[in-house]
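Note on naming: letters A, B, ... go to the chains in the order of the sequence lines (proteins, then strands), and numbering restarts at 1 for each one.
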Amino acid sequence: MPHETHTDRVHHVYGRLHGHRHAGGREWSEQGRPIVELTGVSSGYRQTLGIAGVNLKLWPAQFLAVVGPNGGGKTTLLRTILGHIQPREGRITVHGSPAGGSSLGPVGYVPQLEQIDLNFPITVEEVVLLGLSRHHQWFRRTAPEDRDRAHEIMDRLNLLELGDRQIRELSGGQQQAAFIARALLGEPELILLDEPTSGLDIRSRDEVVHFLHEINHSGVAILITSHDLNWVAAHLPWVVCLNRHVIAEGEPQEIFTTEVLGETYKGEMVVFQHGDMIMVGERPHSPNGG
Amino acid sequence: MMPAVTGFLEPFNYEFFRNGMIAAVIVGAICGYVGVYVVLRRMSYIGHGLAHALFGGAVLSSIIGLNFFIGAGVWALVNAVLIHLISHRRLVGADAAIGVVTTTSFALGVAVVSTYRKFTLDFEAALFGNLLGITPTDLWVIAGTAAAVAVAMIVIRRELLFSTFDPEVAPVYGISTSRTELVFVLLLAVTIVASTRILGVTLVSAAVVIPPVIGRYLTQRFQTLLIITPIIGALCAAAGMYASYFLDLSSGAMIVLTFALVFFAVGGRRWLRGSR
C-alpha cells in the first residue's frame, strides 16, 4: 500500500486496496503513474518550512481538496508542485520522471481572487485568451481557431455572453469561472486552485463547484485548497488534511473526525454526522471564558 | 491666408519650434504608451526616481565631454538594473530601492554641479528641459529610440500584460515576471533618457504618469487605453508647445501643465457625474 510510506502521523483511513476509486460520483484510477508524486518533500520560504516530509500523489482525473490552518502550508504545497519553490528535501516526479523547472507540463493555476487587481481594465475574453500565452510566438496574432476554442470553453462556463464585460463587473463566481476558463484554454491535465471559494457567497460557491465537477468529469485532475470544511465535505470526494505534514488523507466522511481536525487545526473541533452529511462547527465560548 | 491661421502656423517658421514640436509629440506619445504599464503596475515612483537618477549621468557626461544620450543612457540603465536587483532581494521593497539608488545618483549630480559651477546653464536645461537645444541629430535619436521602444513593447505585449495583470500566474505559462520587469524597466529608462531633452529630469515623469491616468478616466478597455494614451500624450505635448511659444514660458512646464489641465477637466467631469 502506498500509504505505508507516509509518515507515522498520517491516519490510515483507506479501507480498500488501491486500484479503482469511486467517490462523490467521480471515478479515478490509481493504476499506472500519478501525474505528480511528492515523496518526503519539504519546502518553504527562507528559513521557514511551509511543508515538511509531505507524501502525496495526484492521479489523472482525481478531484481532491487540501485543507488546513493558515500557515499550514497549503499555498506552499501548490507553489512547490508548480515548481515556483524548489524542495529542500524529498523528490517530486511528474509521470514517473523527476520534475525539473517547467517539466510539469500543461497545468492550470487559479490563484485566490484577492490576489488579483480586479480593477484592471481587462475584459473577460481578454482574461481567458491569456491562457494561450504558453503557445504564443512573438508578433503572432490570436488565431481564429484559438478564439473559437476560447469561446467554446466560455460557453461551457456560461461566460460567452459576458466576454465583452469588464472582469470587475462580474459576480465572484463568474470571475472565478473566467480564471478557470483561462486555465482550461491551456488544455491542462491538472488544475490547481488556491481557495476558489474564498470571499464568495453561497450561490457563487455553488456555481464554482458546478464548473469544477463538470471539468473533472471531462478527465481533468483538480486540486484545490480550501478553508471551507463544510463545502469540501458536501462536494468533494477526497481530502488531504495538512498542517506542515499530511495529517490524514481520505474521503471526507472518513477523515473529518474530531480527532483528525483537532490535530490539523490544533484546536477543539465539533463534527456532526447525519447519514452521509457532515457538518463541522465551532464550539461557542461562554461569556465568562469557560 | 486668414490671420488666425497665419498666426497659428507662425511658430513653424522657426526651425527650433519645428524640431521642438516634433520631439515633444514623439515624447508625449511614447511616454504615454510606456506609461500605461507604469501606472497599471503601480510603478509611477520608478519613473520619477529614474528621471532624477539621470541627473547624475547628465552631469558626468557633460563634464567628461560624452554625448548626453550615451552618458545619461548608460547611467540610467545601470540605475535601472540596480533598482531591479535590490528590490528582488525581497529584503527591501521596490519603493525603498528606488529611493536609495535614485537619490544617491541625483545627489552625486548635485555635488558635481557645486564643484563645476560653470556648467550651471547646461544643468538647468537637464533639470527643466530645453526646447532651444533640440538639434536635428537629437530629433533622430529621439525618434529612433521611441520607435525601438515601441517595437520592443509590442513584441513583449503578452508577457507585459500577463505579468502586469496576474504576476502570480504568469510563470505557470512560461513567462518570467522578473525578466519581463527588468526588460520593461530598461525600456522605461531609455524612454526617460530620450525625453529628458524636452521635459527635463524634474518634469519627465509627468509625461509617463498623467496621460495614462487621463486614459483610465476615458476608457475601461486595455486595448483602447494603449491606443488613446499615446494620442493624449502627443496632443497635450503639442498644445503645451503652442502655449509655451505664445505665452513665452518654459516648454517643459507648459506641457506638464497641459497634462494637468486635461487631467483635472476629465477627472472633474467624472466627479460631477458621480463616478469615481
Side-chain angles (χ1 to χ4, degrees), chain A residues 45-46 75 78-79 81-85 101-127 129-142 164-169 178-180 182-183 185-186 188 190-194, chain B residues 35-44 88-92 150-180 183 211-229 232 270 275-276:
Chain A
Y45 300 97
R46 294 191 203 143
T75 303
L78 293 191
R79 286 166 175 259
I81 292 171
L82 285 167
H84 292 180
I85 310 173
S102 57
S103 67
L104 188 50
V107 60
Y109 178 46
V110 181
Q112 293 178 38
L113 283 182
E114 284 92 340
Q115 290 176 351
I116 298 168
D117 176 10
L118 293 169
N119 278 320
F120 197 95
I122 192 165
T123 64
V124 174
E125 185 175 306
E126 284 170 337
V127 169
L129 287 172
L130 285 175
L132 292 169
S133 298
R134 191 181 280 127
H135 311 292
H136 262 133
Q137 304 292 317
W138 289 359
F139 291 113
R140 196 194 145 199
R141 294 178 67 83
T142 305
D164 225 21
R165 298 265 291 273
Q166 291 291 306
I167 190 75
R168 69 162 183 281
E169 294 172 4
F179 291 109
I180 293 169
R182 179 181 68 180
L185 197 54
L190 167 67
I191 299 184
L192 310 177
L193 299 99
D194 198 1
Chain B
V36 169
Y37 292 97
V38 170
V39 169
L40 290 176
R41 294 170 86 97
R42 301 180 191 280
M43 290 169 66
S44 301
H88 277 75
R89 290 277 170 207
R90 290 177 185 270
L91 285 174
V92 288
V151 169
M153 298 275 292
I154 289 168
V155 169
I156 61 167
R157 66 194 184 285
R158 285 196 181 87
E159 288 84 349
L160 274 173
L161 173 60
F162 209 152
S163 63
T164 304
F165 173 59
D166 197 351
E168 178 83 5
V169 176
V172 178
Y173 289 83
I175 294 167
S176 165
T177 49
S178 173
R179 205 178 310 149
T180 305
V183 171
V213 175
I214 297 168
R216 283 284 273 132
Y217 279 150
L218 296 175
T219 182
Q220 298 302 316
R221 302 181 72 89
F222 182 72
Q223 297 303 334
T224 312
L225 189 63
L226 281 179
I227 294 166
I228 67 167
T229 304
I232 293 167
R270 274 179 67 90
S275 50
R276 286 188 301 140

So how far is it from [X] [atom1] to [Y] [atom2], rounded to the nearest 0.5 Å?
| X | Y | atom1 | atom2 | answer |
| --- | --- | --- | --- | --- |
| A/Phe120 | B/Asp166 | CZ | CG | 10.0 Å |
| A/Gln112 | B/Glu168 | CD | CD | 8.5 Å |
| B/Arg158 | A/Leu132 | CZ | CG | 8.0 Å |
| B/Tyr173 | A/Arg182 | OH | CZ | 5.5 Å |

For B/Val172 and A/His84, run side-chain contact (heavy atoms from CB on, under 4.5 Å): C-alpha distance rounded to whole Å, both residues' side-chain angles, the deciding distance at 0.1 Å, then the answer. CA-CA 9 Å; B/Val172 178; A/His84 292 180; 3.8 Å; yes

Under a 4.5 Å heavy-atom cut-off, does chain B meet the side chain of A/Val110, its backbone, both or neither?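 Contact with chain B: none, neither part.
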
Which atoms of B/Thr164 approach chain A - backbone, side chain, both or neither, heavy atom under 4.5 Å: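 Backbone plus side chain of B/Thr164, per the 4.5 Å heavy-atom cut-off to chain A.
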
Heavy-atom pairs under 4.5 Å with chain A, option from B/Leu161, B/Thr219, B/Ile175, B/Leu225 with the top count: B/Leu161

Tell me, do B/Leu40 and A/Pro121 make a side-chain contact under 4.5 Å, heavy atoms counted? yes

Any ion pair linking A/Asp117 and B/Arg41 (charged N to carboxylate O, less than 4.0 Å)? no

More than 12 heavy atoms of other residues, nucleotides or ligands under 6.0 Å from CZ of B/Arg42: yes or no? no

I need the minimum non-hydrogen distance between B/Arg216 and A/Asn119, along with the two atoms involved. NH2-O, 3.0 Å

Donor-acceptor pair, distance only, cut-off 3.5 Å: does the side chain of B/Gln220 make one with the backbone of A/Gln166?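 No; judged by distance alone, with no hydrogens or angles, the pair does not exist.
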
